[in-house]
Amino acid sequence: MEMGWRWGFAIEILPKMALATFNTILAAGVGYAIALVVGLFFLLGQRTPSKIINWINREIVEFIRSTPLLIQLFFVYFVLPQFGITLSAWVCGMITIGLHFGTYLSEVYRGALEGVSKTQWEACRALNFSTLYTYRRIVLPQAFPIAIPGMGNYLVGIFKDTPLLSTIGVAELFHAATAVGGYNYRYLEPYTIVGVIFLTLSIPAAMWVRKLEKDVNKAQGKIKK
Amino acid sequence: MTYFEFLNEHGVTLLLGTVTTIKVLVCSMMLYVIISMIFGLMRLSKNLLIQGVATVYIEFFRGTSLLVQLFWAYYVLPFFGISLEAFTAGVVALGLNFGAYGAEIVRAGILAVPRGQWEAAHALNFTPAKRIKRIIIPQIFPIILPPAANLTVELLKATALVALVTVVDLTFEAKQINSITWLSAQCFGTALLIYYIMARFALVPFLRWLELLAARKVGKEKI
C-alpha cells in the first residue's frame, strides 16, 4: 500500500464527499428542528402543576441524558421493528436525535425562563395581565435572547453528532467516507477530508454562537470583559 | 425466552463489557483531566506562541466530531507508521477530545478566581509557579467541578463510541449479542440500563462528593 497523502485520490473523491456533506447538514437541520419541538414538550411536562407528571418527566429526561446516543440509536433502529414498526434509518436517526437533544434543549428553555426576573411576573400580576398574555408579551420576549446561545451550542453539538447516524446506515458524510475508504482500502484521505469539512463548517458556526452570546449579554446589560 | 433466561445466558458477557467500559472511562478521565489543566493554563499564557498552540488544539478538537477523531486515530495513524491498539486509540481520542472542552472550563475557572488573590500572592513575593500551584489551583476546584461533572457524564456516554473501533466494551457486547440472538429489546435495553445505573448511581454521586470535598477545602461549605 502506498504511504502518504495522494492528491489525485483526494480530488477524485471530493465530489462524492461534498454531496454527502449536504446530507449531513440536512440531517443536522431536521434533527435540530425536531429537538426544538421535543424540548418544548419536556418543558411543558416540567412546568405542569401535577407533581406526578413532573416526576415522570424528570426521570425520563434523566434517563435519556445519561445514556449514550449510540445505543439509543441502535435501540430505536432494531427494537421498533419487533413491534411491527419498520422505519427507515433516516427516520429512526431523526427521532432519536430529536429526543436526545430535546432533553438538553428543555434545560436551555428552563434556564431561560428562570433567567427572567420574578419581579416581572409580580408586575404583570399587579397589572392584572392573564398568564398567557404575560408569557406572550412579557416573559417570552425576555427569555428568548437568554436561550439563544444555548440553542446555538446544541445546533453545533447535533451537527458534530451526526456521524453516529452512519452506524445505522444513514448515508451522510462519515458513511460516505467509510464506504469510499473501504472500497479503495485507503482511509487517510476520506477521513481527513471529513475532518476538514467538519472544521470549516463548525468553527464559523461556533464563532457565530459566541458572538451571539456576547450580543445577548450586551443587550441584557451584562457586559463581560 | 424470558428476560431472566436472557440475563442468565448473556449477563456475564455484558458485565465483562461493562468492566472494559469502566476501564476506558477511568483511563480517559485521567488523561482528559491532565490535558485540560495543561492547556487551560497554556491558554492564559502571556506568551503568544504557547497561547496560540493551545487555541489551535482546543479549536481543532472541539470543531471536529469525536467519531472522526476516533477513526482517524485508529485507521489513519497507521498510515504514518503509528499503530495504536484499539483500546489505546480510544482512550487517546477521548482524552484529547474532552481535554479540549475541559481546558475551556479550567480557563474560565482560573479567570473566576478573584483578582485580589493574584495581587496578594504577588505582594507576598510568591514566584509565578508557586502562585499558580499554591494559591490559584486550590481555589479553582469549587468553580470548575460542577461543569466538569457534566463533562464527565458526557465522557461516560462517549465511551460507547470506542465500540466502533473494535474495543470490546458494553456497547460492543450488546451489538454482538444482538447480531447472534436478535433479541434487540433485551440486549440494548439492558445496555441502556447499565449505562444509566453507572451514570446516575455511581459517577454522579462520586462527582458530587468531590464537589463537596473541594468546597470544604476552601471553607465554602455547600449543602
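In what follows, chains are A, B, ... by sequence order, proteins preceding strands, each numbered from 1. Note: hydrogens, waters and symmetry copies are ignored here, and every other heavy atom, side chains too, is used.
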Need one label for [X]: side chain, backbone, both or neither, based on atoms under 4.5 Å from any heavy atom in chain B.
X: A:Leu164; result: both
X: A:Phe63; result: both
X: A:Gln72; result: both

*Using a strict cut-off of less than 4.0 Å between a Lys/Arg side-chain nitrogen and an Asp/Glu carboxylate oxygen, indicate whether A:Arg210 and B:Glu59 qualify as a salt bridge.*
yes

*B:Glu154 versus chain A, the contacting section by heavy-atom distance below 4.5 Å*: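 For B:Glu154, the side chain is the part near chain A, not the backbone.
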
*asked:* Please classify the contact between B:Leu67 and chain A as side chain, backbone, both or neither, with a heavy-atom cut-off of under 4.5 Å.
replied: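 For B:Leu67, the contact with chain A is made by backbone and side chain together.
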
*asked:* The test is side chain to side chain contact (heavy atoms under 4.5 Å, CB included); show your working for B:Thr64 and A:Val194 and say whether it passes.
replied: CA-CA 9 Å; B:Thr64 51; A:Val194 171; over 6 Å; no

Distance from [X] atom [atom1] to [Y] atom [atom2], nearest 0.5 Å?
X: B:Phe61; Y: A:Leu199; atom1: CZ; atom2: CG; result: 10.0 Å
X: A:Ile71; Y: B:Lys175; atom1: CD1; atom2: NZ; result: 10.5 Å
X: B:Phe80; Y: A:Trp5; atom1: CZ; atom2: CH2; result: 8.5 Å

*Looking only at heavy atoms, which of residues 177-200 of chain B get nearer than 4.5 Å to chain A?*
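Checking residues 177-200 of chain B against chain A gives B:Asn178, B:Trp182, B:Leu183, B:Ser184, B:Ala185, B:Phe188, B:Gly189, B:Ala191, B:Leu192, B:Leu193, B:Tyr195, B:Tyr196, B:Ala199, B:Arg200.
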
*Aromatic rings A:Tyr191 and B:Phe71: how do their planes relate, parallel, tilted or perpendicular, breaks at 30° and 60°?*
perpendicular

